[in-house]
Amino acid sequence: MVGKLRHIAISVPNKHEATRFYQNSFGMKLIRENKTLMASVAYLSDGLMSLALIEYKSDTAAGKATSPKNEGKEFVGLHHLGFWVDDIEGTKEALEQNGGQYMMGEVSGNTDDDHGYYEIKYRDPNNVIVDITHSGWTGAIKEP
């Protein structure tokens with residue numbers, strides 16, 4: 001099973017301040033901003049990786065209900081990692097066989113092409129959230 005780490009998400013209290021920090025410190029480019037019912041997100045990229053700076057709107061959206069550490073929207077730090085994979089079903093199977101616990105999300109769109117954005121979230125044995133997708137993230141490139 002091969003997966004490419006192409007997405008890192010950080011929970012932040014102010015996405016605008018965090019965006020300026022990563023732009024000015026590392027030259028990252030703001031690719032897109034997105035607002036949903038769950039969060040407000042700034043997507044930055046270095047040309048290969050997608051960095052999501054996320055302001056969660058509720059404890060539930062931040063995953064507090066599934067976290068033994070009770071991390072909610074006030075938590076600041078690494079929230080999750082994302083792996084771009086070729087075989088969703090095989091990767092889900094491998095995650096579960098290796099101690100991963102399903103959290104949320106399902107495939108949307110046609111898995112035979114790269115259209116239809118989604119993430120499937122699992123918690124690893126140490127409770128770190130891990131996303132998988134076959135369609136990538138804003139600002140990420142699967143094969144450089």
Side-chain angles (χ1 to χ4, degrees), residues 1-12 15-16 18-73 75-144:
M1 201 61 43
V2 176
K4 306 285 185 181
L5 176 63
R6 294 293 183 262
H7 176 69
I8 297 173
I10 301 173
S11 181
V12 297
K15 74 173 183 177
H16 299 293
T19 296
R20 282 191 297 276
F21 173 82
Y22 286 99
Q23 285 177 314
N24 295 334
S25 298
F26 299 107
M28 298 201 72
K29 304 289 183 209
L30 177 63
I31 305 298
R32 186 179 89 198
E33 292 185 77
N34 189 29
K35 289 185 180 183
T36 69
L37 295 175
M38 295 175 58
S40 180
V41 186
Y43 291 96
L44 288 81
S45 180
D46 63 357
L48 177 64
M49 295 287 293
S50 167
L51 174 63
L53 303 172
I54 307 173
E55 282 182 51
Y56 285 101
K57 295 181 181 178
S58 71
D59 288 337
T60 301
K64 184 174 183 174
T66 62
S67 173
K69 296 179 186 176
N70 291 323
E71 296 165 344
K73 70 177 191 162
F75 171 76
V76 175
L78 178 67
H79 189 271
H80 64 269
L81 304 172
F83 288 85
W84 199 329
V85 302
D86 292 325
D87 179 0
I88 292 296
E89 292 306 316
T91 303
K92 287 168 61 175
E93 211 172 276
L95 285 164
E96 291 168 11
Q97 288 173 355
N98 289 288
Q101 297 292 313
Y102 174 80
M103 187 176 161
M104 64 187 287
E106 290 303 326
V107 174
S108 65
N110 183 351
T111 58
D112 294 330
D113 61 33
D114 287 338
H115 304 293
Y117 173 75
Y118 66 91
E119 296 173 328
I120 300 171
K121 294 185 182 301
Y122 278 79
R123 286 199 181 267
D124 78 2
N126 295 304
N127 206 42
V128 174
I129 299 171
V130 179
D131 289 347
I132 59 170
T133 187
H134 87 287
S135 60
W137 290 269
T138 299
I141 297 172
K142 185 176 183 183
E143 300 292 340

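In this chain, numbering begins with 1 at the start of the sequence shown.
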S.K.: Quick check: closest heavy atoms across P144 and R6, and the distance to 0.1 Å?
M.R.: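 Smallest interatomic distance, heavy atoms only, reads CD-NH2, 3.8 Å.
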S.K.: Applying side-chain contact (heavy atoms from CB on, under 4.5 Å) to I8 and L81, what does each step give before you reach the verdict?
M.R.: CA-CA 5 Å; I8 297 173; L81 304 172; 4.1 Å; yes
S.K.: For a quick check under 3.5 Å, do S40 and K15 share a side-chain donor-acceptor pair by atom type?
M.R.: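 Yes.
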S.K.: Just wondering, do Y118 and I132 contact through their side chains at under 4.5 Å, heavy atoms?
M.R.: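 The answer is no; the side chains never approach within 4.5 Å.
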S.K.: Kindly give the heavy-atom pair with the smallest separation between L30 and A42, and that separation in Å.
M.R.: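 Scanning both residues completely, I find the closest heavy atoms to be CD1-CB, 4.0 Å.
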S.K.: Inspect the surroundings of CD in Q101 and state if more than 12 heavy atoms from other residues, nucleotides or ligands are less than 6.0 Å away.
M.R.: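 Counting neighbours around CD of Q101, 12 or fewer heavy atoms of other residues, nucleotides or ligands fall under 6.0 Å, so no.
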S.K.: Which atom pair, heavy atoms only, marks the closest approach of I31 to L44?
M.R.: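 Nearest pair, atom of I31 first, then L44: CG1-C, 4.2 Å.
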S.K.: Roughly how far, to the nearest 0.5 Å, is CD of E106 from CD1 of I88?
M.R.: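 Going from CD1 on I88 over to CD on E106, the span is 10.0 Å.
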S.K.: Compare all side-chain heavy atoms of V12 with those of I54 and state whether any distance is below 4.5 angstrom.
M.R.: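 No - every pair of side-chain heavy atoms lies 4.5 Å or more apart.
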S.K.: Tell me the closest heavy-atom pair linking Y56 and A61, and the distance in Å.
M.R.: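 Reported closest heavy-atom pair: CE2-O, 3.4 Å.
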S.K.: Could you go step by step and tell me if H134 and D86 meet the side-chain contact (heavy atoms from CB on, under 4.5 Å) rule?
M.R.: CA-CA 6 Å; H134 87 287; D86 292 325; over 6 Å; no
S.K.: Going by atom types only, do S58 and T60 share a side-chain donor-acceptor pair under 3.5 Å?
M.R.: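 Short answer, no.
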S.K.: Do V85 and V2 make a side-chain contact, defined as non-hydrogen atoms from C-beta onward lying under 4.5 Å apart?
M.R.: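 They are not in contact (no side-chain heavy atoms under 4.5 Å apart), so the answer is no.
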S.K.: In the structure I gave you, are the side-chain heavy atoms of K121 and V130 within less than 4.5 Å of one another anywhere?
M.R.: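 They are not in side-chain contact.
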S.K.: Which atom names give the shortest non-hydrogen contact between E55 and H16, and what distance separates them?
M.R.: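 The pair with the smallest heavy-atom distance is OE2-N, 4.5 Å.
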S.K.: Step by step, would you call I129 with H79 a side-chain contact (heavy atoms from CB on, under 4.5 Å)?
M.R.: CA-CA 7 Å; I129 299 171; H79 189 271; 3.6 Å; yes
S.K.: Rounded to the nearest 0.5 Å, what separation is found between the CD atom of E96 and the OG1 atom of T91?
M.R.: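 Reported to 0.5 Å precision, the distance equals 11.0 Å.
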S.K.: How long is the straight-line distance from CG of D124 back to CG of N98, given to the nearest 0.5 Å?
M.R.: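 Atom-to-atom, N98:CG and D124:CG are 11.0 Å apart.
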S.K.: Strictly under 6.0 Å, is that where the ring centroids of H7 and F83 end up?
M.R.: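 Aromatic pair excluded; centres sit 6.0 Å or further apart.
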S.K.: In terms of side-chain geometry, is the basic nitrogen of E33 or K35 positioned less than 4.0 Å from the acidic oxygen of its partner?
M.R.: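 K35 and E33: not salt-bridged.
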S.K.: Check G100 against Y122 and note the closest heavy-atom contact, atom names and distance.
M.R.: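 Of all heavy-atom pairs spanning G100 and Y122, the closest is C-CD2, 4.1 Å.
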S.K.: Evaluate the side-chain contact (heavy atoms from CB on, under 4.5 Å) criterion for residues F21 and L53: first the C-alpha distance (whole Å), next the side-chain angles of each, then the deciding distance (0.1 Å), finally the verdict.
M.R.: CA-CA 11 Å; F21 173 82; L53 303 172; over 6 Å; no
S.K.: Do D87 and E89 have side-chain heavy atoms sitting under 4.5 Å apart?
M.R.: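 Answer yes - side chains close enough.
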S.K.: Once you measure the plane-to-plane angle for W137 and W84, does it fall in the parallel (<30°), tilted (30-60°) or perpendicular (>60°) bin?
M.R.: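 Taking W84 first and then W137, their aromatic rings stand perpendicular (interplane angle over 60°).
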S.K.: Does some side-chain heavy atom of S45 sit less than 4.5 Å from a side-chain heavy atom of K29?
M.R.: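 No; the side chains remain at least 4.5 Å from each other.
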S.K.: Can you find a pair of side-chain heavy atoms, one from T19 and one from M28, that are under 4.5 Å apart?
M.R.: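 When only atoms from C-beta onward are counted, M28 and T19 do not touch, as no gap falls below 4.5 Å.
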